[in-house]
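A short worksheet on the structure shown next.
Any value given below was found using the heavy atoms of this structure, including those in side chains, with hydrogens, waters and symmetry copies removed. None of these values were measured; they are calculated from a predicted model.
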Amino acid sequence: MKAVDTGTFDDELNAPGNDLRCVFFWGKDCFNCDIFKKTALSQVDAIRALGLTWFHADVYADEPLGRRFGLHGVPAFVLFRNGKRLGRVTGWPGLGQFSAAIGRLNAAHAAASDAAPAVGK
């Protein structure tokens, strides 16, 4: 995961690319943040299989970034594609539910891409 903060956030999340980007907002000594971190470290292959480009931000150290997204607690996972915010998962629901949410976003993107008219037609 690449670290982002108030100064780098927009450049990283708006960089060219059609990948699904996830920002893991966390804070020091956050119990549920630590549970996600342990899951990510113990189930690396499953986390990688989600196909996300990962970023993280310590919003306890960067309060303006947390306020920007109206965070009332962490962890929070905010998802973007092509610089557009697609949704947020608040708390860590477990890998199964998180994976299902990512699957729904990817399916919606695929359906929208299939329905879009070809350029020049």
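Using cut-offs of 30° and 60° for the angle between ring planes, the Phe77 and Trp92 rings count as tilted. The aromatic rings of Phe80 and Phe9 stand perpendicular to each other, their planes meeting at an angle above 60°, with 30° marking the opposite boundary.
Under a 3.5 Å cut-off, the side chain of Asn32 and the backbone N or O of Gly91 do not form any donor-acceptor pair. One N or O on the side chain of Arg88 and one on the backbone of Phe69 form a donor-acceptor pair closer than 3.5 Å.
Within the 4.5 Å cutoff, side-chain heavy atoms of Trp26 are placed close to those of Asp58. Put simply, the side chain of Ile102 reaches to within 4.5 Å of the side chain of Leu79, judged on heavy atoms. With a 4.5 Å cut-off on side-chain heavy atoms, Asp11 and Val4 do not count as touching. Side-chain contact between Leu20 and Leu50 is absent, with no heavy atoms from C-beta onward closer than 4.5 Å. Between Thr90 and His72 there is no side-chain heavy-atom pair separated by less than 4.5 Å. You'll find the side chain of Cys33 stays beyond 4.5 Å of the side chain of Tyr60, heavy atoms only.
Between Gly27 and Val74, the shortest heavy-atom contact is N-CG2, 3.9 Å. In terms of heavy atoms, Pro64 sits closest to Thr6 at CB-OG1, 4.0 Å. The shortest non-hydrogen separation linking Ala76 to Leu71 is CB-CD2, 3.7 Å. Nearest heavy atoms, Asn18 versus Arg81: O-NH1, 2.8 Å.
Under the 4.5 Å side-chain heavy-atom criterion for ILVMFWY residues, no single connected hydrophobic cluster contains both Val23 and Leu52. Hydrophobic clustering of Ile, Leu, Val, Met, Phe, Trp and Tyr side chains at less than 4.5 Å, counting indirect connections, keeps Phe98 apart from Leu41. Residues Ile35 and Val59 do not share a hydrophobic cluster, clusters being chains of Ile/Leu/Val/Met/Phe/Trp/Tyr side chains in contact below 4.5 Å.
Considering CG of Leu13 and CZ of Arg85, their distance stands at 11.0 Å, rounded to 0.5 Å. Note that CD of Glu12 is 5.0 Å distant from CZ of Phe55, once rounded to the nearest 0.5 Å. From Met1, atom CE reaches atom OG1 of Thr53 across 11.5 Å, with rounding to the nearest 0.5 Å. To the nearest 0.5 Å, atoms CG (Asp62) and CZ (Arg68) are separated by 10.0 Å. Distance OG1/Thr39 to CD1/Ile47: 7.0 Å, rounded to 0.5 Å.
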Carefully, step by step, assess Arg21 and Asn14 under the rule side chain to side chain donor-acceptor pair (under 3.5 Å).
CA-CA 10 Å; Arg21 298 174 186 184; Asn14 293 316; over 6 Å; no
Given side chain to side chain donor-acceptor pair (under 3.5 Å), test Asp5 with Thr8 step by step and report yes or no.
CA-CA 5 Å; Asp5 59 25; Thr8 62; 3.3 Å; yes
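Counting heavy atoms of neighbouring residues, nucleotides and ligands inside a 6.0 Å radius, atom CZ of Arg48 does not exceed 12 of them.
Screening Phe25, Phe24, Phe31 against Phe36 for a ring-ring contact (aromatic ring centres under 6.0 Å, His included) leaves a single residue, Phe24.
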